[in-house]
Asker: 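Please see the structure below; I have some questions.
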Amino acid sequence: MNIFRLAGDMTHLFSVLVLLLKIYATKSCSGISLKTQELYALVFLTRYLDLFTDFISVYNSVMKVVFISSSVAIVWCMRYHPLTRRTYDKDLDTFRHYILVGVSIILALLFHDRFTFREVFWAFSIYLEAVAILPQLVLLQRSGNVDNLTGQYVFFLGAYRAFYILNWIYRYFTENHYSRWISWLAGFVQTALYADFFYYYFVSWKNNAKLQLPA
Amino acid sequence: EENEKPHDEL
């Protein structure tokens, strides 16, 4: 565990906490894309298949459980919770996310480390995670105004993979650890998708103004 | 053949 990896995990954890806080405190999930949340639930459920077969550390297992349970809880709040499900901007959240699932399945079947059940699902989760933010970004762009907590949620979620890239670079030089090229490529795509958002986030932060995305 | 390496990252 190095400082970059820890920073990545913490920003990831923080993004989830900010999102749960937003839904709990404001009793609203407006501005949040259910499509993106469903994709994340699918990402964690398929990536952490090793939760019961490989023990790495208590930290590792706890984080896996946190990411699986929080993503499922958020989907539940948006779909079924009597108070919050009505605040979901259904009409703005029209991204055809099943296309992302389909493309990720095809990519995982073609490009993987080994043709085993677990490795194909792992590759699928990496590809899907790289693009899972797209419905959320489209929803924000459509609604224009972004509330503070939602803006912070997306910011921390984007920062997490950027820290992971630094962690892979660090591990490459210090441990001679060779992260799989699948993670490198998907990690870069994932971080690049946030470039626009990061730009407007920093501009609004510098000007101490409300975050607004151009139409 | 080497065994499947566990994924140590999240």
Side-chain angles (χ1 to χ4, degrees), chain A residues 1-2 4-6 8-13 16 43-44 46-57 59-68 112-123 125-126 129 160-161 163-165 167-168 170-171 175 177-180 182-184 186-187, chain B:
Chain A
M1 175 75 79
N2 59 65
F4 302 112
R5 162 80 197 281
L6 185 66
D9 285 350
M10 289 305 114
T11 41
H12 193 184
L13 186 63
V16 174
V43 162
F44 298 130
T46 50
R47 184 174 308 165
Y48 301 150
L49 290 172
D50 60 356
L51 188 56
F52 299 104
T53 55
D54 290 288
F55 178 77
I56 293 157
S57 64
Y59 171 85
N60 199 285
S61 301
V62 168
M63 292 293 265
K64 283 174 176 170
V65 171
V66 167
F67 289 134
I68 292 174
H112 44 255
D113 261 15
R114 288 157 158 258
F115 193 64
T116 61
F117 187 76
R118 219 180 65 187
E119 284 299 319
V120 171
F121 271 105
W122 182 84
S125 82
I126 293 289
E129 187 188 348
Y160 131 73
R161 219 49 175 174
F163 278 121
Y164 256 74
I165 294 173
N167 153 58
W168 295 328
Y170 181 86
R171 289 187 77 175
E175 299 167 32
H177 170 86
Y178 196 84
S179 268
R180 304 165 205 221
I182 288 172
S183 337
W184 280 95
Chain B
E1 208 178 338
E2 80 177 307
N3 284 325
E4 242 178 303
K5 272 180 286 176
H7 297 278
D8 66 339
E9 291 179 344
L10 292 164

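Source: prediction; values computed, not measured. Chain A is the first sequence line, chain B the second, and so forth, proteins listed ahead of strands; every chain is numbered from 1.
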Asker: Which atom names give the shortest non-hydrogen contact between B/L10 and A/K64, and what distance separates them?
Answerer: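 Heavy-atom minimum between the residues: CD2-CG, 3.7 Å.
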Asker: Identify, with sequence neighbours excluded, every residue that meets side-chain contact (heavy atoms from CB on, under 4.5 Å) alongside A/F121.
Answerer: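 A/F121: side-chain contact (heavy atoms from CB on, under 4.5 Å) contacts with A/T46, A/L49, A/F117.
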Asker: Taking A/N60 for its side chain and B/D8 for its backbone only, find out whether a donor-acceptor pair lies under 3.5 Å.
Answerer: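 Side chain of A/N60 to backbone of B/D8: a pair is present.
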Asker: With only heavy atoms counted, which part of A/Y48 is less than 4.5 Å from chain B, the side chain, the backbone, both or neither?
Answerer: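 Contact with chain B: side chain only.
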Asker: To the nearest 0.5 Å, how far apart are NE2 in B/H7 and CD in A/E119?
Answerer: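 One finds 3.5 Å between NE2 of B/H7 and CD of A/E119.
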Asker: Taking only residues two or more places apart in sequence, or in another chain, which ones meet A/D9 in a side chain to side chain donor-acceptor pair (under 3.5 Å)?
Answerer: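 Here the qualifying residues are A/R5, A/Y59, A/Y164.
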